[in-house]
Structure formats: C-alpha cells, structure tokens
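Each remark here refers to the structure printed beneath this line.
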2 protein chains.
Amino acid sequence: MAIREDGKETRLRLLEAACEVFAEKGYRNAKVADICQKAGANVASVNYHFGDKATLYVEAWQHAFQIKPEMDVPEPPGMPPEERLRLQIHFLIQHHTEQGAMGQFTRLYLMELASPTGLIQNVWHRLIDPRRQKLLDVIHVLLGGSACEETILFCEMSIINQCRALLTTRPDDIEYLLKQPLTPDLITRLAEHVTRFSLAGIKAVGQLPSK
Amino acid sequence: MAIREDGKETRLRLLEAACEVFAEKGYRNAKVADICQKAGANVASVNYHFGDKATLYVEAWQHAFQIKPEMDVPEPPGMPPEERLRLQIHFLIQHHTEQGAMGQFTRLYLMELASPTGLIQNVWHRLIDPRRQKLLDVIHVLLGGSACEETILFCEMSIINQCRALLTTRPDDIEYLLKQPLTPDLITRLAEHVTRFSLAGIKAVGQLPSK
DNA sequence: GACAAATTCAAATCATCATTTAAAATTGTT
DNA sequence: AACAATTTTAAATGATGATTTGAATTTGTC
C-alpha cells in the first residue's frame, strides 16, 4: 500500500500561507484563492487537506501557536509589576508589525479580537486564557489588591483596546490620525505612551473605594 | 408634465433604514435586501434612488448628520476641562446604545472608525473634524499646554480606542470578557471608568518633558 | 378620463467566492 | 514496469448578494 508523504508539505505551505493571509485580512476578507496562490497550491487543495475554509482557519490558529515557547512574554522573577505591564504592552503593540512567527500570531490574535469569527471557541480558552491571565495578574497587583473584579476587567479592556487599534485601523488612517508616517520608531513611542497612560490609569482607578 | 413627489418618501425611508442597518452591521455586512425590507421598498429602489450601495452609504451618513444641533456635546462656558472630557467620553460610549438619531449617528461614526470603508473621505472632514477638534482641545488643556502635538494625538487615540471597543466587539464577547450581562448600568460604569482612567493617563503623560 | 413622467415590482443577470467533481498526475510498493 | 493509493488540477457547481431590466402601476396635469 502506498503511503505518500508529499501531501503533508502542501498542507504545511497552506497552513503558513493561511496564517499570513488571515492575519492580514481577517477571516471574512481572506480569500481561499489568495491563500492557495501564496502557498503555490490549487484551490481544491484546501478542501482536500482541510475540508473547508473554517477548518483551515482553526488549524492555522493551532499552527501559529505551535511556536508557543517564544510566544510567552518573559517575566524574570522579582521584576516590578510596572515593568511587567510595560513588557506586555510592548509585546502586544510591537509584534504585530514584526516578521516571523511571533508577529504572525499576535496579528492573528488581535484580528480575532477585532472581528471575532466565533470559529475558535474551543481553541481560544486553551491558547489565550493563560496569556490573558498574566495581564490580569499584573493589573491586579498594580491595583493594590483591594480592587473588585470589575475594576480589573475594566482596566484590561482599556489596555487591550488601546493595543488593538494599531491592528484594526488601516495604516492610512493611522497616519492621518497621527499626522505622520507609521515607522517602527513611531510604534515604539506609541507603546511607551500606552504604557505610561495605562499605568497612571490603573493607579487612579485603584484608589477608588471598590463597590 | 408630471412631477411626482411620492418617490421622495421612499427615498427617505430608505435613508433611515440604511442608517440603522449600516450602523448595526457595518457597510460590508449590511445587505441591500435587508435595508429595503426594513424600508418596505423593493430591492431595485436602491438603484433607482441612489444608484448603488456605496452612494446610499454616503447619503445615509449625510442624512444621519442632518440632526447636527443635538449632536453636539453641550459645553457650558466655565466648565472645567475634566468635566468636559467626562461629557465627551460618556457621549461616545453611551450614545451607541441609545435610541434615536444621536445614537444612530454615533454608531455609524464608530462603525466607520472600526472598519473604514474609505467611501466617505469627502464627507468625513466636514462632519467629523469639528467634533474631533473638541476632544483635542480638551486634551490639550488637560495636558497643561506645554505638550507636543504627538502627545495630544496619542492621548486622543487612547481615549477613542477605549470607546470604540463597545461597538467593535460583539455583545457576546463583551459579556464574556466582563463576565456580566451588558446592561445600561454596566455601560454607565464603564464610561465612568474610561473617564477616570483617561484623566489620570493624560495627567501622567503631560508631566513628561515634551520632545 | 387620458396622457406622460415618475415610481415600483418581480424576475433576470452579474460578480464574487467557496466548494465539489472527476480526470490526470504522482508516488511508494511489489 | 505495473499497480494502487495519494495528491494535484482545471473546470463545474453552488450560494450569496448587488445590480439591471422591462413590464406594470401610480401620480400629476390637461
């Protein structure tokens, strides 16, 4: 019986192409044809290897997450919470312009946050919740421990939504809003701004009596 | 020569239905058929009265903005900048769940911010810039006057993107993220959070040496 | 009431994509 | 080399939605 292995290569190329295209366009706007072309494969290959576009999306997610080790934000023990928050924010904001697996995953992640497909419900908890928990932990510490859960979650929203913007807004519009070209340096400054802005925000809402 | 006027009524119903549907679904996900059904008109009427979906979108924008007077955030003279910022934030966040013309325009506006169509470039400046300028003014004052333009624009992004989230995130996801049902009361608390968070953020980045 | 212009309507057409099909090509095994 | 399972391919099919068409219908004017 013949057990060919060459199909697995195509499958892999499809996964990688899918990551790129989904990360750039989002699920809805990504065309199966584009993915196949980028992968150098026939349109029918998506159906052959994955069944349909939705399944390809889910598998692309899982594939992008394979590189998990380098995905994690480094957190040396003893690092002050302010610094941990800074790292997480820079991580979210900067990686979306980065080449490589890490940037790709971040783009995929923020894209799903921006316009959720609901297709990865199962995958989501396993992949995202641990990362989310880290952010919540830092916020919790920064709030001073006495804050109610709602406050923590509100702060999380404030931070995530500031970070999301870079992804969900067209580059043209960002340049129009900020009145300057979107350089890596600008992104760094923006990350720094979001950090300071959010640190102060957290401290401020932490001083209120919790409900 | 006959000059019938009854067509104008249909045109108006189409505009109002278009506002609602576009505001709810965004340009891409809004179906011409849905708009027509809501307006009680035939599908062909969009073509007859407006030419195509894109033109209908632009005209819906202009229509939604007709109610301009009540659109403006009230700003009694002598009101402290903190209070002016609070009003603007509550305005942005709360109106998107509100009935009526004001809420509709806010939804349309935030929806275009969330996924820009690029169709209303011409309309945008005339309609949005004055409103945007008000927010920038308040931020400028709160920053203490010595801040560079980039800082002002960064703060604007921070605030707008916090407000956008409520619109660009599916209600289900908001409830999941915040772990509670999305009631008007929750929205009020969220608006209050964004206000405090942002006020502190602005004050903090205003104390840095400007570049 | 009859006419002409304006408006509505149901159905047809187009365009865009995802998905399926069935034939052709390739690979591993003998 | 021959064969069978696997993979690729071009072309067909389907589904969804926007747009167009041309025949009714309605309205204002005479």
Side-chain angles (χ1 to χ4, degrees), chain A residues 1-61 63 111-112 115-120, chain B residues 1-61 63 111-112 115-120:
Chain A
M1 284 96 246
I3 299 173
R4 287 171 60 176
E5 283 297 325
D6 58 326
K8 298 292 168 291
E9 284 176 38
T10 317
R11 197 190 134 90
L12 193 62
R13 286 204 314 282
L14 279 172
L15 278 177
E16 314 232 292
C19 286
E20 288 182 42
V21 177
F22 282 135
E24 187 192 351
K25 306 277 187 76
Y27 179 75
R28 239 201 111 123
N29 291 49
K31 290 183 237 179
V32 170
D34 288 349
I35 293 172
C36 290
Q37 203 205 342
K38 178 162 285 197
N42 188 276
V43 270
S45 57
V46 163
N47 180 257
Y48 178 72
H49 287 284
F50 302 96
D52 59 11
K53 183 182 174 182
T55 307
L56 173 58
Y57 183 69
V58 175
E59 303 236 0
W61 258 79
H63 176 70
M111 189 60 89
E112 176 71 24
S115 37
T117 62
L119 293 173
I120 50 165
Chain B
M1 287 93 246
I3 297 176
R4 285 170 62 176
E5 284 298 324
D6 58 327
K8 299 292 167 289
E9 282 176 42
T10 317
R11 197 189 133 92
L12 194 62
R13 285 205 314 282
L14 279 172
L15 278 177
E16 313 231 295
C19 286
E20 286 181 45
V21 177
F22 282 135
E24 186 192 351
K25 304 278 186 78
Y27 179 75
R28 236 201 114 122
N29 292 44
K31 290 185 241 180
V32 170
D34 288 349
I35 294 172
C36 289
Q37 203 206 343
K38 178 162 286 194
N42 187 274
V43 269
S45 57
V46 163
N47 179 258
Y48 178 73
H49 288 285
F50 301 96
D52 58 12
K53 184 181 173 182
T55 307
L56 173 58
Y57 183 68
V58 176
E59 302 237 1
W61 258 80
H63 176 71
M111 189 58 90
E112 175 71 24
S115 37
T117 61
L119 293 173
I120 49 164

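Residue numbers start from 1 in every chain, and the chains themselves are labelled A, B, ... in the order their sequence lines are given, proteins ahead of strands. None of these values were measured; they are calculated from a predicted model.
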TODO: Quickly work out the A/D52 CG to C/dT19 P distance and round it to whole Å.
DONE: 5 Å
TODO: Give the rounded distance in Å between these two atoms: CD of B/Q37 and C1' of C/dC9.
DONE: 15 Å
- [ ] State whether the side chain of B/Y27 and the backbone N or O of B/M111 hold a donor-acceptor pair below 3.5 Å, judged by distance alone.
- [x] no
Task: Whole-Å gap separating P (C/dC17) and CG (A/N29) - done: 9 Å
Task: Validation row: B/F50, B/L15 side chains within 4.5 angstrom (heavy atoms) - done: yes
Open item on the list: Nearest 0.5 Å, please: how far is CG in B/L14 from NE2 in B/H49?
Closed with: 6.0 Å
- [ ] Check the distance between C/dA18's C1' and A/D34's CG and give it to me in whole angstrom.
- [x] 13 Å
Task: Under 4.0 Å protein heavy-atom contact, by nucleotide of nucleotides 11-17 of chain D - B base, S sugar-phosphate only - done: ------S
Tabulate atom names and distances for all N/O pairs under 3.5 angstrom spanning the protein and nucleotides 23-26 of chain C.
| residue | atom | partner | partner atom | Å |
| --- | --- | --- | --- | --- |
| C/dT26 | O2 | A/R4 | NH1 | 2.4 |

Task: Flag side-chain contact, heavy atom, 4.5 Å: A/N42 against A/Y48 - done: no
Task: Rounded distance in Å - CG (B/N47) to P (D/dT19) - done: 7 Å
Task: side chain to side chain contact (heavy atoms under 4.5 Å, CB included) evaluation trace for A/T117 with A/R28 - done: CA-CA 8 Å; A/T117 62; A/R28 239 201 111 123; over 6 Å; no
TODO: May I ask you to verify if any side-chain N or O of A/K8 is less than 4.0 angstrom from the OP1 or OP2 atom of D/dT7?
DONE: yes
- [ ] Mind checking the CG-CG spacing from A/N47 to A/L56? Nearest 0.5 Å is all I need.
- [x] 11.0 Å
Open item on the list: Just to be sure I understand the geometry, which residues of residues 9-27 of chain A put a non-hydrogen atom under 4.0 Å away from DNA chain D?
Closed with: A/T10
- [ ] Can you sort out the partners of A/R13 under side chain to side chain donor-acceptor pair (under 3.5 Å), two or more places apart, ordered by chain and number?
- [x] none
Task: Between CD on residue B/Q37 and NZ on residue B/K31, distance to nearest 0.5 Å - done: 10.0 Å
Open item on the list: Using whole Å, what does the distance between atom C1' of nucleotide C/dC17 and atom OH of A/Y57 come to?
Closed with: 18 Å
TODO: Provide the closest heavy-atom pair for B/A60 versus B/C19 in the form atom of the first, atom of the second, distance.
DONE: O-SG, 3.4 Å
Open item on the list: If you define the side chain from C-beta out and look only at heavy atoms, does anything of A/F22 sit under 4.5 Å from A/K53?
Closed with: yes
Task: Distance, nearest 0.5 Å, that separates NE2 of A/H63 from CD of A/E59 - done: 10.5 Å
TODO: Taking only the side-chain nitrogens and oxygens of A/H49, find out if one of them lies under 4.0 Å from OP1 or OP2 of D/dT8.
DONE: yes
- [ ] Using five base pairs at each end, measure the axis-to-axis angle across the helix from C/dG1-D/dC30 to C/dT30-D/dA1 and round it to 10 degrees.
- [x] 10°
- [ ] Output the distance between atom CD1 (B/I120) and atom CH2 (B/W61), rounded to the nearest 0.5 Å.
- [x] 4.0 Å
- [ ] Would you please name every residue forming a side chain to side chain donor-acceptor pair (under 3.5 Å) with B/D52, sequence neighbours left out?
- [x] B/T55
